[in-house]
Amino acid sequence: MAQTLTIASLVQDSLAKTRTLILPALPFAAGFCLLYGAVAWVAGVLPDDGTGTLIFLALVLGLLFAHSVFSVSMYHAVVPARTGLVGSAWKLTLAWLLMAVIAAIGASMIVLFFAVIGPSLGVGTSDDVGNISDMTAQMRESGTFGPIFAIFLAVLAGVFWFAIRMVLFAVATAARGTIHVLRTWSWTKGYAVTLAPAVLALVIVPLVALLYISAAVTHPLFGPDPSPLFTGVSAVITMLILLPSAWLGHGLAASVYTHIAPADDDQTMTPASNSD
């Protein structure tokens, strides 16, 4: 595949792919939204014991698989695939679980880092460390607010950079039928400057805007403490409102994959049907 990529061509191709993938994925989108609402409802009525926890975890795993089916249906609409819908969705589910482990390890390291560096800079010596405003005033007085905030921004930038570098793991897994998580890391090397504004414009900004819209719609309808049934209905409405951000994000990932992914890394690509 071509190894050239510009912001203009990326955005244009992403929007074109987004328009293409919407209709084929609509049934799977509806199923995922309904299942998400069902899980949100069941979570409010399950017993607060070990059995309830196991049932909830099983439902979450099923929801993750439904999300993978929805995701794969979008990718298969715009990129060639080696395997069918169900097989690719299962591989993508495993890839997301692996990503969750990586994210948990990274988050633990970040929390540990700030837990160590805070006291070393004199933060947290107040009698009321749980009071955020008190800690902020303490850091300003001691002169540590600036360094801590700069470190926080650097960590935030690092997390964003990592997310950009991993933007291809899902589409590669869906297209090639094998788990592609760490293998896609090298594919995005040198493209962060191009990918960053595209991710901001097509993923982060729409997602934040749609989250605000969903809150503005669901909070007046269901209140701050809805019943389990209304919680499920609210979850369905929220997911429906967020669908455009999913379409845009998958269109972007598919476009990046088309532009920069290597032609092959283990076997010949062949078109796949939508079922195993």
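Quick note: numbers below take in every heavy atom, side chains included, and nothing from hydrogens, waters or symmetry partners.
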Checklist line | Contact list for residues 15-43, test salt bridge (charged side-chain N to carboxylate O under 4.0 Å, His left out), sequence neighbours left out | finding: Asp13-Lys17
Item checked: Backbone of Ala89 reached by a side-chain donor or acceptor of Thr93 within 3.5 Å -> yes
Next item on the list: May I have the step-by-step check of side-chain contact (heavy atoms from CB on, under 4.5 Å) for Tyr191 and Val256, ending in yes or no?
Entry: CA-CA 10 Å; Tyr191 292 101; Val256 177; over 6 Å; no
Margin query: Is it true that, when you exclude Phe65 itself, more than 12 heavy atoms of the residues, nucleotides or ligands shown sit nearer than 6.0 Å to its CZ?
Written below: yes
Margin query: Would you compute the distance between atom CD1 of Ile179 and atom CH2 of Trp90 and round it to the nearest 0.5 angstrom?
Written below: 9.0 Å
Notebook entry, point to check: What orientation do Trp96 and His67 show, parallel under 30°, tilted 30 to 60°, or perpendicular over 60°?
Noted result: perpendicular
Item checked: Side chains of Thr53 and Asp48 in contact at under 4.5 Å (non-hydrogen atoms) -> no
Checklist line | Shortest non-hydrogen contact from Ser73 toward Leu85 | finding: N-CD1, 3.7 Å
Notebook entry, point to check: Do Val111 and Ile105 sit in the same hydrophobic cluster, where Ile, Leu, Val, Met, Phe, Trp and Tyr count as joined when their side-chain heavy atoms come under 4.5 Å apart?
Noted result: no
Notebook entry, point to check: Can any side-chain N or O of Ser88 pair as donor or acceptor with the backbone N or O of Ala174 at less than 3.5 Å?
Noted result: yes
Note to self: If we ignore hydrogens and angles and just use 3.5 Å, is the side chain of Thr188 paired with the main-chain N or O of Arg165 as donor and acceptor?
What the structure shows: yes
Next item on the list: Could you tell me whether the side chains of His250 and Ser71 share a donor-acceptor contact shorter than 3.5 Å?
Entry: yes
Item checked: Between CG on residue Leu202 and OG1 on residue Thr18, distance to nearest 0.5 Å -> 7.0 Å
Margin query: Quick one, Thr173 with Thr178, criterion side-chain contact (heavy atoms from CB on, under 4.5 Å). Give me CA distance, side-chain angles, the key distance, then yes/no.
Written below: CA-CA 5 Å; Thr173 300; Thr178 55; over 6 Å; no
Notebook entry, point to check: For the hydrophobic clusters of this structure (ILVMFWY residues joined by side-chain heavy atoms under 4.5 Å, transitively), does one cluster hold both Leu242 and Val205?
Noted result: no
Check: CD1/Ile237 to CZ/Phe222 distance, rounded to the nearest 0.5 angstrom?
Finding: 4.0 Å
Next item on the list: For side-chain contact (heavy atoms from CB on, under 4.5 Å), just list the numbers for Ile110 and Val159, CA-CA rounded to whole Å, side-chain angles, deciding distance to a tenth of an Å, and then say yes or no.
Entry: CA-CA 10 Å; Ile110 292 173; Val159 171; 4.0 Å; yes
Notebook entry, point to check: Taking the side chain as C-beta and beyond, is there a heavy-atom pair between Val45 and Leu229 under 4.5 Å?
Noted result: no
Check: If you look at every heavy atom in Val217 and Pro220, which pair is closest and at what distance?
Finding: O-CD, 3.5 Å
Notebook entry, point to check: Closest heavy-atom contact between Leu210 and Ser245?
Noted result: CD1-N, 3.6 Å
Check: Shortest non-hydrogen contact from Ala66 to Leu35?
Finding: CB-CD2, 3.5 Å
Margin query: I'd like to check the side chain to side chain contact (heavy atoms under 4.5 Å, CB included) partners of Val203; sequence neighbours left out, ordered by chain and number.
Written below: Val199, Leu252
Next item on the list: Indicate the atoms forming the closest heavy-atom contact of Tyr257 with Ala175, along with that distance.
Entry: OH-CB, 3.7 Å
Note to self: Counting neighbours of CZ on Phe230 that are heavy atoms of other residues, nucleotides or ligands and sit closer than 6.0 Å, is the number greater than 12?
What the structure shows: no
Notebook entry, point to check: Any chain of hydrophobic side-chain contacts (each under 4.5 Å) joining Leu23 to Phe28?
Noted result: yes
Note to self: Using only atom types and a distance under 3.5 Å, with no angle test, would you say the side chain of Thr51 pairs donor to acceptor with the backbone of Pro47?
What the structure shows: no
Next item on the list: Could you tell me whether the side chain of Thr184 and the main chain of Trp187 form a donor-acceptor pair under 3.5 Å?
Entry: no
Next item on the list: Count the heavy atoms of every other residue, nucleotide or ligand shown that sit under 6.0 Å from CG of Asp49, and state whether that count exceeds 12.
Entry: yes
Margin query: Using only atom types and a distance under 3.5 Å, with no angle test, would you say the side chain of Thr218 pairs donor to acceptor with the backbone of Ser214?
Written below: yes
Checklist line | For Ile241, the option from Leu211, Val236, Ile213 that meets side-chain contact (heavy atoms from CB on, under 4.5 Å) | finding: Ile213
Check: Which distance, rounded to the nearest 0.5 Å, do you find between the OG of Ser14 and the CD1 of Ile7?
Finding: 11.5 Å
Check: Going from CG on Leu98 to CG on Leu92, what distance comes out if it is rounded to the nearest 0.5 angstrom?
Finding: 11.5 Å
Next item on the list: Please report the closest heavy-atom contact between Ala253 and Leu168, naming both atoms and the distance.
Entry: O-CD2, 3.6 Å
Check: More than 12 foreign heavy atoms under 6.0 Å from CE of Met109: is that the case here?
Finding: no
Next item on the list: Kindly compute the distance separating CG (Leu64) from OG (Ser68), expressed to the nearest 0.5 Å.
Entry: 4.5 Å
Margin query: Determine whether Phe169 and Leu182 satisfy the following criterion, side-chain contact (heavy atoms from CB on, under 4.5 Å), listing intermediate values before the conclusion.
Written below: CA-CA 8 Å; Phe169 89 91; Leu182 300 179; over 6 Å; no
Checklist line | Same cluster (ILVMFWY, side-chain, under 4.5 Å), Phe113 and Phe149 | finding: yes
Margin query: Aromatic contact between Phe162 and Trp185, with the criterion being ring centroids under 6.0 Å apart: yes or no?
Written below: yes
Note to self: With clusters defined by side-chain heavy atoms of hydrophobic residues (ILVMFWY) lying less than 4.5 Å apart, directly or transitively, does Phe70 cluster with Leu97?
What the structure shows: yes
